[in-house]
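Keep in mind it's a predicted model, so treat the numbers as computed, not measured. Lettering follows sequence order; numbering is per chain, from 1.
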There are 2 protein chains.
Amino acid sequence: MANITKKVSWSSRGDESGGGERTPLLNGSEEVRYTRQVGLLSGDGGMFHIGRLSTVDLEEDMTSDEVNSIDCVKVNRFVFQSLDYDNSENQLFLEEERRMSFLGFKCLEISRWVICGLIGFLTGLIACCIDIAVENLAGVKYFVVKQNIEKFTEVGGLSISLILWAVLNAAFVMVGAVIVAFFEPGAAGSGIPQIKCYLNGVKIPRVRQMFHLLNVVVGCRNDEGPMIHSGAVVAAGVSQGRSTSLKKDFKIFEYFRRDTEKRDFVSAGAAAGVSAAFGAPVGGVLFSLEEGASFWNQMLTWRIFFASMISTFTLNFFLSIYNKKPGDLSSPGLINFGRFESDSVAYNLYEIPLFIVMGAAGGLLGALFNILNYWLTIFRIRYVHQPCLQVMEAMLVAAVTATVSFAMIYFSNDCQPLGPDQSEDYPLQLFCADGEYNSMATAFFNTPERSVRSLFHNPPGSYNPLTLSLFTLTYFFLACWTYGLTVSAGVFIPSLLIGAAWGRLFGILLASITPDGSIWADPGKYALIGAAAQLGGIVRMTLSLTVIMVEATGNVTYGLPIMLVLLTAKIVGDYFVEGLYDIHIKLQSVPFLHLEAPATSHWLTAREVMSAPVTCFNRIEKVGTIVDVLSNTSTNHNGFPVVVPVMGKVCGLILRSQLIVLLKHKVFVELARSRLTQRKLQLKDFRDAYPRFPPIQSIHISQDERECMMDLTEFMNPTPYTVPQETSLPRVFKLFRALGLRHLVVVDSENRVSYCVH
Amino acid sequence: MANITKKVSWSSRGDESGGGERTPLLNGSEEVRYTRQVGLLSGDGGMFHIGRLSTVDLEEDMTSDEVNSIDCVKVNRFVFQSLDYDNSENQLFLEEERRMSFLGFKCLEISRWVICGLIGFLTGLIACCIDIAVENLAGVKYFVVKQNIEKFTEVGGLSISLILWAVLNAAFVMVGAVIVAFFEPGAAGSGIPQIKCYLNGVKIPRVRQMFHLLNVVVGCRNDEGPMIHSGAVVAAGVSQGRSTSLKKDFKIFEYFRRDTEKRDFVSAGAAAGVSAAFGAPVGGVLFSLEEGASFWNQMLTWRIFFASMISTFTLNFFLSIYNKKPGDLSSPGLINFGRFESDSVAYNLYEIPLFIVMGAAGGLLGALFNILNYWLTIFRIRYVHQPCLQVMEAMLVAAVTATVSFAMIYFSNDCQPLGPDQSEDYPLQLFCADGEYNSMATAFFNTPERSVRSLFHNPPGSYNPLTLSLFTLTYFFLACWTYGLTVSAGVFIPSLLIGAAWGRLFGILLASITPDGSIWADPGKYALIGAAAQLGGIVRMTLSLTVIMVEATGNVTYGLPIMLVLLTAKIVGDYFVEGLYDIHIKLQSVPFLHLEAPATSHWLTAREVMSAPVTCFNRIEKVGTIVDVLSNTSTNHNGFPVVVPVMGKVCGLILRSQLIVLLKHKVFVELARSRLTQRKLQLKDFRDAYPRFPPIQSIHISQDERECMMDLTEFMNPTPYTVPQETSLPRVFKLFRALGLRHLVVVDSENRVSYCVH
């Protein structure tokens with residue numbers, strides 16, 4: 001038992017307020033402090049919250065040294081709110097539902113489909129705009145640099161080209177970094193960890209779409225992360241029928257203004273984003289499910305699927321018009337890896353072990369990448385937390401990238417003939433003979449997406465092994481340095497590029513060391529497998545990634561080896577370190593709820609992990625008491641059990657947001673008596689306030705009003721989920737996870753709230 | 001309120017025992033009576049069970065006439081048991097979990113992967129055996145008939161050929177029908193409804209694999225349903241480390257002997273089955289999820305994925321050896337529709353509306369198919385319920401099928417040249433000129449799978465429109481008649497065949513009526529879309545079916561139109577009638593738990609839907625009382641709340657199965673006192689009895705023992721899920737569905753079991 005106490009007390013060690021009594025974590029509007037090392041569950045006054053208590057500690061996969069090193073890291077003062085996937089079924093809600101006819105529900109269902117269609121359409125449209133903008137901007141950039149390099153190659157003033165390239169790169173990045181660092185801290189990174197958190201039930205604050213999209217365009221890259229993020233942002237906007245940033249309310253879809261519905265639509269948006277990015281509608285749905293949903297609902301899945309489909313369709317349709325081939329819908333996706341020809345014998349049995357080896361290599365390299373990036377991110381959190389420094393770092397990375405690339409190209413003498421089937425957009429001749437181009441330049445001097453395509457599809461002999469090894473090495477470290485900068489940039493494309501490079505290298509070496517080299521004819525195949533292995537090793541997705549890769553390459557034949565490789569990479573990688581997204585979620589102090597409670601947590605009971613005491617309200621409560629409790633920052637709870645006065649039996653649960661609305665509308669017993677004509681508060685009033693409820697400080701309550709009483713009966717949820725004190729932690733966890741709860745009342749055998757205070 | 005009472009009383013109208021008090025439904029071992037019209041939830045003594053209360057009634061989508069017509073249908077006296085996806089976390093369990101080290105849990109996790117690998121391997125192996133057996137048997141059958149037809153065509157004695165064919169067909173079917181009708185009533189139909197029910201949480205009794213597999217082979221068809229079924233059966237066997245039919249216990253995997261774990265493995269088995277049937281590992285996973293899982297768990301998904309992958313691999317590997325091309329793994333799947341060539345422009349924008357029209361047509365035809373089959377099934381339940389009659393019907397269908405096919409072939413004069421690229425295995429010349437073959441015969445005189453392949457891939461002009469229309473018409477009604485016979489046969493392949501036929505017809509007509517026919521050059525494309533539309537219209541799957549079709553045709557390009565078509569077919573079809581599997585589930589009286597509570601059910605509370613009174617036990621209860629309660633067939637409950645004696649507060653939940661084991665081992669307080677050395681009952685004793693707990697009648701309790709006391713404290717689940725009486729039905733439903741519950745205790749505000757009796 002001593003051991004349990006120790007562990008539990010450990011988990012609250014880092015808390016400034018120093019004890020269980022005043023440690024409300026992820027608790028309404030209060031900031032989460034020092035939850036860096038935590039990730040599981042916490043009690044807040046007799047009720048569980050998604051919050052703290054370290055899984056890390058329980059699983060014992062982190063040494064105390066590591067923990068200490070994180071403990072002293074300076075904390076981002078982000079405010080995390082938990083989503084409430086559980087409807088508050090109070091009287092108002094039930095009355096509304098009961099008033100609604102069967103037809104009414106049908107209409108709602110149809111609206112949901114319409115919204116999903118809209119989400120898909122808008123996401124596709126945005127993807128299309130981004131694609132066109134990025135293509136043109138990249139075109140300008142590469143054209144200018146190419147012109148200069150070619151001009152100066154002859155006269156020998158290559159340093160000017162270098163400076164030009166570095167400056168251009170840095171300038172583009174600067175714009176993006178400034179936006180992110182100063183206006184949109186939430187938009188940093190790939191955006192996927194944020195969406196993952198949202199779908200898991202944690203609201204990531206302050207992400208606005210306008211800045212975000214601008215950022216993506218400026219960043220000159222088609223990327224999965226920003227695209228997914230955009231889809232989710234569009235979904236959150238459309239489904240609510242209004243924009244809080246633009247202060248415009250269209251007065252539609254009001255029914256959907258609650259966490260439950262919004263989260264469903266955001267899932268659809270994320271799926272639509274993936275679908276547009278890779279032309280992978282099924283992959284998009286799977287991504288949403290694999291990363292997000294904990295509760296599988298068929299109807300929801302179909303709607304998500306519909307949104308994905310519409311998104312791909314829209315993108316294809318408009319791109320086909322832009323490309324002057326209207327109506328040709330068969331090359332979907334923003335990011336296109338080119339179509340693999342489907343041979344009858346694409347791979348053979350004896351290649352399977354090779355694929356597994358490549359998967360293991362991908363897992364190892366991925367783990368290395370993640371560990372390096374983990375250290376780097378800790379360094380950044382500790383020392384590079386001022387916006388100016390962040391922008392400077394981003395510019396430095398851009399300049400270094402340009403310089404390194406330039407040096408690599410300069411010192412490489414891998415010249416390839418410029419054949420008629422050569423499809424590079426910017427072949428650089430440099431010091432090569434006429435009619436030849438520099439092959440290293442193809443890899444570096446190009447959008448990463450095009451480089452991947454070249455590595456997949458260029459005929460054997462397009463690259464020599466030295467070029468590929470040097471490229472892999474430098475790009476690996478550059479990509480690792482880039483991820484986590486204060487710019488919007490994904491990790492998919494860089495990972496694929498690294499993997500494609502060493503995969504192709506592997507294929508070439510294989511052909512050269514075996515006596516009958518011709519059976520390993522196609523290095524492009526190994527590039528594909530390598531790309532899958534590297535990406536799998538870094539992000540550790542399996543099912544969705546398989547489908548995305550299959551849909552993006554347009555070939556089912558490689559589905560099986562890709563799966564195998566991804567699974568191997570995941571198993572190998574997981575042995576060393578978590579996936580990149582999970583690392584960043586942990587580092588961002590997000591109280592992420594994992595799939596399952598730690599295996600060895602059966603010895604913990606609800607009473608032990610809940611935080612106490614619990615703040616309760618009476619069914620009819622004094623306004624002054626409520627205001628005081630809500631204003632008390634040290635017990636900044638978000639949900640309060642409502643109890644029967646003397647006996648203390650739980651009879652309901654009321655949320656901070658509901659109380660705020662009640663206070664704002666001054667729903668006091670005395671006033672209701674005096675003003676008989678007063679309009680009865682309706683569900684609409686709560687919905688209008690959603691999701692940005694005003695803080696308690698902004699509501700003025702006079703000294704007279706403080707003496708009034710409030711009747712909570714109508715507004716509280718009369719049937720909150722409860723658990724007995726002795727419930728084991730895995731059981732509690734299952735409830736939280738399966739039902740998407742935010743609060744869970746712990747009761748004793750008499751149905752009284754445990755550790756209740758008034 | 002009167003309305004509510006009426007509705008609630010209506011829902012128990014059909015019950016023989018006539019009221020709430022004695023109507024335990026789906027309640028342990030008692031038979032489900034007259035639950036034909038029901039599908040939602042029911043109370044059993046203060047606790048909810050998955051059971052009755054009509055969704056039909058609540059949704060008002062069935063007229064009272066229909067209900068009456070079903071009411072008087074004679075009922076199969078199947079026994080349905082509900083699965084308990086909730087662990088009984090009693091002291092024994094918690095002690096075991098707490099004793100287990102972190103390493104122990106790792107080992108368990110690894111065993112789970114090993115089991116999934118085994119499931120995949122065995123399923124693949126079985127698929128391979130089936131394939132080889134079916135291929136050879138079909139080869140013999142068609143060879144004999146072909147020989148005869150050719151011999152007799154010249155001499156004019158075609159009637160002999162007809163009789164031969166009809167007899168051969170009927171003989172093959174007879175063997176299958178006899179097995180099913182007399183030994184394996186559970187194996188009738190496609191097997192998918194059964195698996196769907198199992199994954200939903202309802203155990204379908206008595207399905208044994210040996211008979212089943214034999215049946216599949218005899219039926220001479222590669223089919224999805226039997227394959228999925230086999231996978232599930234293998235999974236159930238392997239994961240338990242023993243076979244109850246073979247009475248062999250390998251003493252391994254004992255930890256997994258409970259519903260929770262078993263259901264997970266069965267999901268994997270079903271996925272492996274689909275994977276083997278269509279060479280669609282991702283499709284398999286999605287099938288399992290779409291049809292089964294209500295609770296999404298990433299780790300589980302990965303394991304399912306692994307099983308699917310191994311299954312396809314195994315099948316491929318052994319088939320490649322059998323086909324003398326060892327190591328060629330690129331043509332996966334038992335059912336192979338041939339690879340579509342990936343053109344750069346596979347379809348065009350203006351074809352999209354056509355695809356949607358085809359989807360709608362598929363939806364309509366599917367609905368028609370389902371309605372006809374529904375009537376037919378009701379007819380069968382009412383009049384054809386004796387095994388002999390069933391066998392005779394099956395033989396009749398076989399003979400009629402042969403006759404109709406023969407007549408169609410005989411009267412058709414659609415001769416096609418026998419070109420060098422002609423790939424039919426059994427081209428019939430009949431009355432065609434030399435060097436030609438009868439095209440109608442290609443469609444009829446072939447395994448359906450091969451016919452589908454021909455329709456997809458034969459060059460334009462291989463079929464004339466009249467042949468196709470006649471074929472569609474006859475095959476539609478024959479397939480409709482066949483489904484639901486007492487043989488194991490799926491609906492996938494026949495549906496695909498019907499759809500492919502009218503799809504191809506559509507394509508041909510399109511080319512002939514438009515001025516520039518060449519743009520609709522490929523009727524095979526329309527055959528594919530038609531097949532998808534028809535299948536979607538009948539079974540109403542979308543996501544998984546899309547992936548399965550894409551994986552089975554090996555072409556991603558058609559993914560988008562297939563999706564669109566499936567979604568349209570589903571929407572149109574759902575307007576008229578449910579999917580075929582759902583219809584059969586309803587007709588089999590299975591208390592299936594749907595995705596969501598009916599939209600308009602918020603006015604129902606837990607108190608109203610629970611059945612009362614509740615049978616409770618005291619914490620220390622007299623053995624006689626327990627035996628009496630368990631033996632009482634009129635209150636044949638499966639779970640009993642345990643209460644604190646005087647106050648009646650709930651303090652636990654104990655299951656019938658646990659009580660049976662306790663009685664069997666005579667765990668009585670008095671005996672424990674007298675025999676101090678008595679071995680303490682362990683979790684292992686419960687596991688050994690799982691899943692076939694003996695009936696109470698088989699346990700002998702003497703009159704003296706009846707006076708003993710039993711202490712339930714250690715064995716009951718001390719923290720059962722409870723809900724307050726006022727909880728709305730959707731909220732209760734969500735708990736049932738998300739947590740996979742079987743029992744839910746309804747308590748009042750004092751935490752006392754509602755309507756409790758001793």
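- Residue contact with chain A, scored on non-hydrogen atoms closer than 4.5 Å, is absent for B:Val650.
- The ring-ring contact (aromatic ring centres under 6.0 Å, His included) search around A:Phe93 returns B:His602, not counting sequence neighbours.
- Neither the backbone nor the side chain of B:Lys106 comes within contact range of chain A; no heavy atom of the residue lies under 4.5 Å from a heavy atom of that chain.
- Atom CG of B:Leu289 is separated from atom OG1 of A:Thr301 by 9.0 Å, given to the nearest 0.5 angstrom.
- Residues A:Pro720 and B:Arg731 share a closest heavy-atom pair of CA-NH2, 3.9 Å.
- In this structure, CG on B:Leu566 lies 7.5 Å from CZ on A:Phe305, to the nearest 0.5 angstrom.
- Ranked by heavy-atom pairs shorter than 4.5 Å toward chain B, the options A:Arg98, A:Arg752, A:Met100, A:Glu109 are led by A:Arg98.
- Here the NZ atom belonging to B:Lys734 is positioned 5.0 Å from the OH atom belonging to A:Tyr721, to the nearest 0.5 angstrom.
- Across all their heavy atoms, A:Leu543 and B:Trp302 have their closest contact at N-NE1, 4.2 Å.
- Between B:Val644 and A:Ser749, every side-chain heavy-atom pair lies at or beyond the 4.5 Å cut-off.
- Atom CH2 of residue B:Trp113 and atom CG of residue A:Leu567 lie 5.0 Å apart, to the nearest 0.5 angstrom.
- When the side chain to side chain donor-acceptor pair (under 3.5 Å) test is applied to B:Glu95, no partner is found at least two apart in sequence or on another chain.
- A heavy-atom distance below 4.5 Å is not found between the side chains of B:Val547 and A:Val547.
- Between A:Pro718 and B:Glu726 there is no side-chain heavy-atom pair separated by less than 4.5 Å.
- Looking at B:Leu564, both its backbone and its side chain come within 4.5 Å of chain A, counting heavy atoms on both sides.
- Heavy atoms closer than 4.5 Å to chain A are found in the side chain of B:Thr546, but not in its backbone.
- Taking the side chain as every heavy atom from C-beta outward, A:Asp748 and B:Asn751 never approach each other to under 4.5 Å.
- Two residues are said to be in side-chain contact when any heavy atoms from C-beta on lie closer than 4.5 Å; B:Leu286 and A:Leu286 meet this criterion.
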